[in-house]
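Working notes, structure below.
Because only heavy atoms are used, hydrogens play no part in the values below, and waters and symmetry mates are left out as well, while side chains stay in. Predicted model, so just to flag it, every value in this text is computed and none were measured. In the text below, chain A, chain B and the rest are named by the order of the sequence lines, each starting its count at 1.
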Amino acid sequence: MKRKDSTQNVLNRRSFFKISAVAGGGVMFSFPFASDLLAQGRGGAAPPPPNPNNFIKVALDGTVTIVAKNPETGQGVRNMLPMMIADELDVDWKNVRLEQADFDDTKYAAQSSGGSTATPNAWTPMRQAGAAGRALFITAAAQKLGVPEAELTTGAGKVNHASSKRSATYGELAAAVAKLPPPDFSRLKLKDPSEYKIIGKKHSAYDIGKIVTGAPIFGVDVTLPGMLHACFEKCGVFGGKVVKANLDEIKKLPGVKHAFVVERPVITDAVLPGEPGLENGIAIVAETWWHANSARKKLVVEWNEGPNAGDSSVGYAKKAEELGKAAPQRTLRADGDADAALKSAAKVVEASYSYPFIAHAPLEPQNCTAVFKDGKLEMWGNSQQPGRGRKLVADTLGVAETDISLHMVRAGGGFGRRLTNDYMVEAAWIAKQVPGVPVKLIWSREDDMRHDYYRPGGWQNLKAGIDASGKIVGWKNHFLSYGDGETFASSSAMGPTEFPQRFVPNYTLQSSVQRLGIRTGALRAPSSNAFAFVIQSFIDELAHAAGKDPAQFRLDLLASGAPLPAPPAAGGGRGGFAPPGMNADRMIGAMKLAMEKCEWGKKKYPAGTAQGIAFHFSHMGYFAEVAEVTVTGTKVKVNKVWVAGDIGSQIINPSGAENLVHGGVIDGMSELMLQEITVDKGKVVQGNFNTHGMVRINQAPIAIETHFVKSTASPTGLGEPSLPPVLPAIANAIFTASGKRLRQLPLSKAGMSWA
Amino acid sequence: MAFKLNVNGHTTSVDVPADMPLLWVLRDVLNLKAAKFGCGMAQCGACTVHVGGQPVRSCMYPVSQVGTKAVTTLEGLSANGTHPLQQAWETVDVPQCGYCQAGQIMSAAALLAKTPKPTDKDIDTAMSGNLCRCGTYLRIREAIHKAADMGSNAAAKTVQTAGKE
Ligand code: FES
Ligand code: FES
C-alpha cells in the first residue's frame, strides 16, 4: 500500500504533467513514469526532478500516439501500458499508435524489463495520465459548447453533450487543450472497472501485423548501409585468453575484411556487479555472417585457459556430497527448535533433491549492431537492461556514456538472458576497431549456449517431521549452492523466508557453498524455477507420509501460518518498495480455484493416469496448478494443466495473459524433463537444441486451462509466476500415477521422456 | 559463384559461395529478413521457407541446391498479409516474442497445402520441427484449425501458386 501512496503523492504534483501544442495541430501530454518518480526517492544526493518525457499525442485526426519506453521481449508490455492510458483517455484502441523510445536516461529514469515489474509500477500512473488527458478534453469542450462539464460524457475520442446532441472530437479540441493548465490530479476520477472498454478485453500484440508478414523488427534484422557482419570466438573456458592464432591465414579467406584479437582491458572503474562483460577472443568481420562464420571454422587458436579449466559437473557433485555430509557453513534461519521437533515427531521424512545448471536460450541468438564514428558510438540492441549495457560499454571502451546512443529493438525472447550485456560490449569493441563502418555481431547458437549466465544448479537435503495428526512440526533444509564465503553466486541464494518458513513452527535453513568457474544469472522466475520443484515435491512426500490428500494437506498447511509480518518501509528494494511476503489467504484462493476447475479428487482415472498439484508464490503472483499425466513405462504425457492465479484485481490484456501462462507451463515442462548444462574441463558441453532441448508441439499438453482469481489487490506482473508450480505439479502427478518419486532434475536422468 | 534465383516470384542473381546456405543469401544478400537464424543445424525451424513448394530448413540448404525451383519466404506468402494463416495468426494472437513465427507459418502453409483439414495429430507431426521458445504451441494448433476453416481451398491454392511461380 505504501507504494500506491507514494505514487499518488508524486503524481499529484501537477507540475510534472506538461501540456504542449504539437506542430501541425494536436496536443501532447508529457508525464513521468512511476519508476522514474520512485527512483527519485532512493537515498543519496537530492535527485533532479523527474523529466516528463513519456508522452501521449493526440493529432487533429484523432490519432493517438503513445511512446513505449520499455524493451519488448515478448512479454506484451507494448500493449499493456498503452491500453491503460487509452482506456482512461477514452479513445478507440484502433486509433492508437505506439512509438518506440530510444534509450535515454536524460529523459527516462528506468528503461528495463525484468522481474515482472512493469504492471505494478505502471498501473496507477498510466491510468492517471489517461484520465488527466480526458479531463482536459472535457474542460475544453465545456468552454467550446458553453455547457457545464458535468453534462459532458466521452467515448471513442469524442466529448458528447447528450441533451443538445452536440459533440466535439478530441482532434477538434486539441488546440484549445494545449492552452489549458494541467488538471488537479487529486480530483481525477478513474474509471470503475465496469466502465473499461479496452482494459480487460483481448487485444492482439501491437506488432502482430509485422510479425506475420516477416517485417524486419528484431535485433538480428537491423541493416545499415555499408554494414559488415561479425562473429566472435571466445575461449570455451570462462576467462581464457588467446595466446596465438592463425589470423594471417584467416584474413585471406573469402569475404573476410578484418580479423583481430580482442583483449579485455584492465578496467579500473567500477565493473557492474554480476556482469563481467567483455571476454577475450577473436573477432572476424566479413561481408556476410556466413563468410565470417565460415572463416571462423578455419581458426586455429592456442588458448591460455586460466584457472577455471579444472571445473567439472562431476567435481561439483562430488564437492556437494562432501558438503552435505559436513556441518553446514551458515545458518540462514532458525525458528524454534527443528532438531527437537524432529526427535519427537511421529514420522520423519528425509530426501535429497537436485537441479542442474540450465541455459536461457532465447530463440533469437545474442546480437548487437554498432557504428563508431568521430569518437561516438551509435548502437542498436535488444537488451533487457540497456542502461547497464551502455555503462558496461562506456567503462570497457573508455567512451563517455553521453557519447553512446542506443536504439531499442524488439527482442526474440529474453527470459533474463538479456539482463546482461556481454554481446553489446563485444559489438561496440569490434565497431571501434573499424571506425566509420557499421558492424552487426551475431552469436551462433553454440556461443549463446556456452557463454550464458546459467540458472545455477544446486542440491537440497531436506528433513521434516510430522506429528500424529499429520501436521508438519519441524523442517530442516541444508541448501548446497555456489558462492564464496558469505556471498552466493548471482541468483544462487535462498532467502530466509523461503516457504514453508512461517508455516512450520520449527524451521531451520542452513547453507554451504562451493566456488564456481562459470557464470550464473537470473532465468525467468529466478530461484523459484528450481525451489518450487523441491519444496512442493517434498511437501507432497509429507502429505503421502501423513496419509493425507495432497491438496487438503496444502490447504491445512497454508491455514496454519503465522501472520504476515508488516512489509518493510517504502524507500528500499526494487522500484522503491519491497514486495510483500506471501498472503496465505490469496494462495488458498488460488488453490481452491484450481481444485474446483480440475475437479480434484472427483475424477476416476485408469491406472497410470493421475493428477498432481502444487503452488508457488513469486514476483507477487499466487499460482496453484494441477497437471493430469499419463505414465506409460518411462513415457510421460501431460494431458492437461489447470492454472489458477491471483495477480490482483484486473487482468489487463486477457489474450496476452493467457499466452504468458501457456508459455510458463511449456517452459516449465522443458526445464522439468529436458534441460541440463554440464561442465567438463571448464567448458560447457551442450551447444545446441539437440543436447539442451525444448518441448516441441507434439509434446505440449492437449489443453491448458487458465483461470484467475480476481482479488482486491493492485494488479501485478505475469512474466514469471506461472512457471514454477508446473514442475512439481507434474512430478507429483507422475508419483501418483506410477509410484515414482523423482527428485533429480531433469527427469530424463531417471530415463524418463515426454511421450 | 553466380546463381539465378526465383524468390517470391522475382528472378534475381546473386554471387555467393556455392555452399552458402539459402538462409544467409536471403538475409544478408537479398535483405529478406523474415526467415530467422535460430540454431543453424535444422533443430528449430525458425529458418523455414518453401523451395519448390516444400518446406525446407534454409540454414542447412545450400544455395547451389535451389536450381530453378521457386523459393517462397513469409514475405511472399501473400500480397499483403491476407493468407488465411496470417489472418488466423492475428485473430488468435499467436505470437509472444514472435521470433519463431515466420518459420511456424511457413511450415503450417506447407501442411495446409497438402492437408487442408488437418487433425491435431497432423499438426503435431508437421510442426514438430518448429520450436517455439515462448511456448505458443496451443495457439498455433488453434490458428491452423481456424485458417483451415477460413478457407482451406484458398490456402492450398495460394501456396501451390507461390510454389510454382
Ligand atoms: S536456424 Fe534453421 S532450423 Fe534452426
Ligand atoms: S513466439 Fe517467441 S519463440 Fe515463438
Could you tell me which portion of [X] (side chain, backbone, both or neither) has an atom closer than 4.5 angstrom to a non-hydrogen atom of chain B?
| X | value |
| --- | --- |
| A/Ala700 | both |
| A/Lys202 | neither |
| A/Glu446 | side chain |
| A/Phe218 | side chain |
| A/His203 | backbone |

Can you list the steps and then say if A/Ser204 with B/Thr91 is a side chain to side chain contact (heavy atoms under 4.5 Å, CB included)?
CA-CA 7 Å; A/Ser204 292; B/Thr91 321; over 6 Å; no
Heavy atoms only, distances under 4.5 angstrom: which of [options] has the most pairs with chain A? Name it, please.
| options | value |
| --- | --- |
| B/Val92, B/Asp19, B/Val25 | B/Asp19 |
| B/Gly40, B/Gly135, B/Cys44 | B/Gly135 |
| B/Gly38, B/Ala46, B/Pro17 | B/Gly38 |
| B/Glu75, B/Met41, B/Gln104 | B/Met41 |

So, A/Asn659 side chain and B/Pro95 main chain: donor-acceptor pair closer than 3.5 Å or not?
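Yes: the side chain of A/Asn659 pairs with the backbone of B/Pro95.
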Under a 3.5 Å distance rule, please check whether B/Tyr137 uses its side chain to pair with a backbone N or O of A/Gly663 as donor and acceptor.
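Pair absent, no side-chain N/O of B/Tyr137 close to backbone of A/Gly663.
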By a 4.5 Å heavy-atom criterion (distance strictly below it), what part of [X] contacts chain A: side chain, backbone, both, or neither?
| X | answer |
| --- | --- |
| B/Thr125 | neither |
| B/Val29 | side chain |
| B/Leu23 | neither |
| B/Gln101 | side chain |
| B/Leu131 | both |
| B/Asn31 | side chain |

Are A/Arg696 and B/Asp124 within salt-bridge range, i.e. N to O under 4.0 Å?
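No salt bridge links A/Arg696 with B/Asp124.
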Considering residues, nucleotides and ligands other than B/Lys146, do more than 12 of their heavy atoms fall under 6.0 Å from its NZ?
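Check fails, neighbour count at 12 or below.
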Look up atom [atom1] in [X] and atom [atom2] in [Y], then write down how far apart they are to the nearest 0.5 Å.
| X | Y | atom1 | atom2 | result |
| --- | --- | --- | --- | --- |
| B/Arg133 | A/Asp667 | CZ | CG | 4.0 Å |
| A/Leu363 | B/Gln96 | CG | CD | 12.5 Å |
| A/His229 | B/Asp28 | NE2 | CG | 4.0 Å |
| A/Asn698 | B/Met127 | CG | CE | 11.5 Å |
| A/Asp448 | B/Cys39 | CG | SG | 12.0 Å |
| A/Ile442 | B/Phe37 | CD1 | CZ | 7.5 Å |

Who among [options] has the most heavy-atom pairs with chain B under 4.5 Å?
| options | result |
| --- | --- |
| A/Ile702, A/Ile666, A/Thr223, A/Asn688 | A/Asn688 |
| A/Gly255, A/Gly413, A/Pro365 | A/Pro365 |
| A/Gln699, A/Lys210, A/His662 | A/His662 |
| A/Pro254, A/Ala361, A/Ser444 | A/Ala361 |
| A/Ala215, A/Gly656, A/Ser655, A/Pro216 | A/Ser655 |

Kindly give the heavy-atom pair with the smallest separation between [X] and [Y], and that separation in Å.
| X | Y | result |
| --- | --- | --- |
| A/Ile697 | B/Arg141 | O-NH2, 2.8 Å |
| A/Ala411 | B/Cys97 | O-CB, 3.7 Å |
| B/Arg27 | A/Asp221 | NH2-OD1, 3.0 Å |

Are the side chains of A/Glu364 and B/Lys36 in touch, meaning some heavy atoms are under 4.5 Å apart?
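No, every pair of side-chain atoms sits at 4.5 Å or beyond.
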Beyond-backbone contact of B/Gln86 with A/Thr213, side-chain heavy atoms, under 4.5 angstrom:
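Result yes, sub-4.5 Å side-chain heavy-atom pair found.
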Hey, mind stepping through B/Tyr99 and A/Val220 against side chain to side chain contact (heavy atoms under 4.5 Å, CB included) and telling me if it holds?
CA-CA 10 Å; B/Tyr99 195 78; A/Val220 287; 3.6 Å; yes
Please determine whether side chain to side chain contact (heavy atoms under 4.5 Å, CB included) holds for the pair A/Glu658 and B/Arg139, giving the CA-CA distance in whole Å, both sets of side-chain angles, and the decisive distance to 0.1 Å.
CA-CA 10 Å; A/Glu658 185 198 62; B/Arg139 287 192 174 184; 2.7 Å; yes
